[in-house]
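This report concerns only the one structure given below.
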Amino acid sequence: MAIKTVIRQVNEHVGETVVIGSWLNNKRSSGKIQFLQLRDGTGYIQAVVVKSEVSEETWDNAKSLTQESSMYVTGVIREEPRSHSGYEMTVTELEIIHLTENYPITPKEHGIDFLMDHRHLWLRSSKQRAIMVIRAEIIRAVQQFFDQNGFTLVDPPILTPTSAEGTTNLFHTKYFEEDAYLTQSGQLYMEAAAMALGKVYSFGPTFRAEKSKTRRHLIEFWMIEPEMAFTDHEESLKVQENFISHVVQSVLKNCRAELEAVGRDISKLENIQAPFPRITYDEAIEYLHTQDFDIPWGEDFGAPHETAIAEKYDKPVFITHYPAGIKAFYMKPDPNRPEVVLCADMIAPEGYGEIIGGSQRIDDPELMEARFEEHHLNPETYQWYMDLRKYGSVPHSGFGLGLERTVAWICGLDHVRETIPFPRMLYRLYP
C-alpha cells in the first residue's frame with residue numbers, strides 16, 4: 001500500500017511506493033517518456049512516466065496535464081544524483097484532481113504590475129516560495145532567540161488612542177465615539193509589560209500612513225519589539241548583535257537551498273557574527289563629508305547616507321548617539337552630553353538600510369514631563385505612560401526590528417514588496 005508523504009520527506013522513503021498530492025510546475029516529454037516537474041509546497045521533485053510501465057489511463061492523464069493542474073501521484077522514490085533534490089519518482093499511477101486552463105503566469109517574463117495583480121498566484125513560483133520559507137525561518141529563529149534568553153511574548157494592542165512617536169502619519173478610525181489609530185509601534189505598551197515581566201518582546205503588525213514609494217517601505221509591516229528592564233544602552237547593543245547573528249546563522253543552517261533558489265550570495269551572510277562595528281553619529285557625519293555629502297550636523301540620514309556608511313563594512317554597523325532633536329521623545333539623553341541620546345540604528349550591509357532602531361528610554365519622570373511639553377504631547381493621553389516613571393522607575397532599553405527589511409536583506413531582494421505574502425503599498429490594496 002502506498003504511503004502518503006510530502007516531497008520534503010521523500011528521502012525517508014527510498015525504494016518505497018508513495019503517494020504525493022501535488023501541482024504540475026512544468027513538464028517535458030521524450031517520445032514514450034514524460035517528465036513531470038511536481039511541487040507540493042514543501043519542495044520540488046521530478047516524476048517520470050514511462051508509457052510501457054503504466055496503464056493507458058495514467059499515460060493519458062499525464063499527457064493531458066497543464067501548468068498548475070493538481071493531482072495525486074503514486075510512484076516509487078529512488079535516488080538520482082543528477083536531480084537537484086537528489087531524488088526522483090517513477091510513476092505508477094496518476095489521479096487528476098483539477099485541470100487548469102490558461103494559467104496566467106507562464107514561464108515567460110512578466111511585468112511587476114502584472115505579477116503584483118496576480119500575487120495570489122505569483123506566490124506559487126519557486127523564488128517566491130523560497131522567500132516565504134526564509135521568512136518563516138526568520139520568524140522561528142526570532143522567537144527561539146527570545147524564548148531561550150528569558151523573554152516573555154506579550155501582545156500589544158493594534159488599536160491605540162494616540163501615536164507612539166508623536167507623528168501624524170497614522171491611520172485614523174473611529175472607536176465607537178472616540179478617535180483611534182492603527183498602531184505604528186507597540187513599544188510604549190511593551191515598556192509597561194517590561195515593568196511587570198522584566199524582559200519581553202512583541203511580534204505583530206504595524207502601520208505607517210506615509211506616502212512613500214521607496215523600495216524599503218510598506219504601509220503594513222511586521223515588527224519585533226523587545227523591551228528590557230534594568231538594561232542600559234550598552235547591554236541592549238549586545239543583545240541586538242547576538243540576536244541578528246542568531247537569526248542569520250539559523251537561516252544559513254536551515255534554508256540553504258532556498259537561499260540558492262533566490263540567487264543569494266551566501267558568502268556575504270556567513271560573516272554575520274557578533275560583535276558588530278560601531279560608529280557615533282559624529283563620526284558618521286565626518287565620514288560622509290569625506291565622501292562629498294553635504295549634510296550638516298543635526299540632520300537625519302537618508303538612504304544614500306546609510307548606504308555610503310554601510311559600504312565600509314561587511315557586517316551590520318551600529319550608528320550611535322544621534323542628536324536628540326531628530327529622535328523620539330522617549331529616548332534618554334547621554335548624561336555626559338545631553339544634546340545626543342543613548343540610541344543606535346543598526347544599518348544592514350549591501351545598501352539595505354536600517355533594520356533595527358533602539359535606545360535606552362527616559363526613566364526620570366521630570367525629564368519625561370519636559371519632553372511632553374517640548375513635543376506638544378497631551379499629558380492626559382500619556383498619563384499611563386508617565387505612571388511607569390512614577391511607580392518604581394528603572395533604567396530600561398528596547399529596540400524594534402522590521403521583519404520585511406530583514407527578509408529583503410537576508411534574501412538579497414531589490415524591493416520589500418516580495419518579502420510579505422500580500423504587500424500593502426501606497427497604491428496597492430489588491431489582492
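- Within 6.0 Å of CZ on Phe114 lie more than 12 heavy atoms contributed by other residues, nucleotides or ligands.
- For the pair Lys27 and Phe35, the cation-pi criterion (under 6.0 Å, within 45° of the ring axis) is not fulfilled.
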Practice problem: Before giving the answer on side-chain contact (heavy atoms from CB on, under 4.5 Å), spell out for Arg124 and Arg129 the whole-Å C-alpha distance, their side-chain angles and the decisive distance to 0.1 Å. | Solution: CA-CA 6 Å; Arg124 301 182 184 188; Arg129 173 202 168 270; over 6 Å; no

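- Ser70 contributes no side-chain N or O that, together with a main-chain N or O of Ile97, makes up a donor-acceptor pair within less than 3.5 Å.
- Going from atom NZ of Lys327 over to atom CG of Asp300 covers 5.5 Å, rounded to the nearest 0.5 Å.
- In this structure, His305 and Leu288 have side chains that are in contact, with non-hydrogen atoms separated by less than 4.5 Å.
- For Phe171, the CZ atom is densely surrounded, since the number of other residues' heavy atoms within 6.0 Å is greater than 12.
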Begin with the C-alpha distance, continue with both residues' side-chain angles, and end with the deciding distance and a verdict on side-chain contact (heavy atoms from CB on, under 4.5 Å) for Phe399 and Met228. CA-CA 9 Å; Phe399 59 91; Met228 301 162 283; 4.1 Å; yes

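- At least one cation-pi condition fails for Lys315 and Phe276: the charged atom is not both under 6.0 angstrom from the six-membered ring centre and inside a 45 degree cone around its axis.
- The number of heavy atoms from other shown groups lying within 6.0 Å of CD (Glu57) does not exceed 12.
- Arg264 contributes a side-chain N or O that, together with a main-chain N or O of Ile410, makes up a donor-acceptor pair within less than 3.5 Å.
- Tested against His217, the residues Arg417, Arg405, Met425 include a single side-chain contact (heavy atoms from CB on, under 4.5 Å) partner, Arg405.
- Side-chain atoms of Leu36 and Gln46, non-hydrogen and from C-beta on, never get closer than 4.5 Å to each other.
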Start with the C-alpha distance between Thr290 and Glu286, add both sets of side-chain angles, then the distance that settles side-chain contact (heavy atoms from CB on, under 4.5 Å), and finish with yes or no.
CA-CA 7 Å; Thr290 69; Glu286 289 178 9; 5.9 Å; no

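- Two residues are said to be in side-chain contact when any heavy atoms from C-beta on lie closer than 4.5 Å; Gln360 and Val341 fail this criterion.
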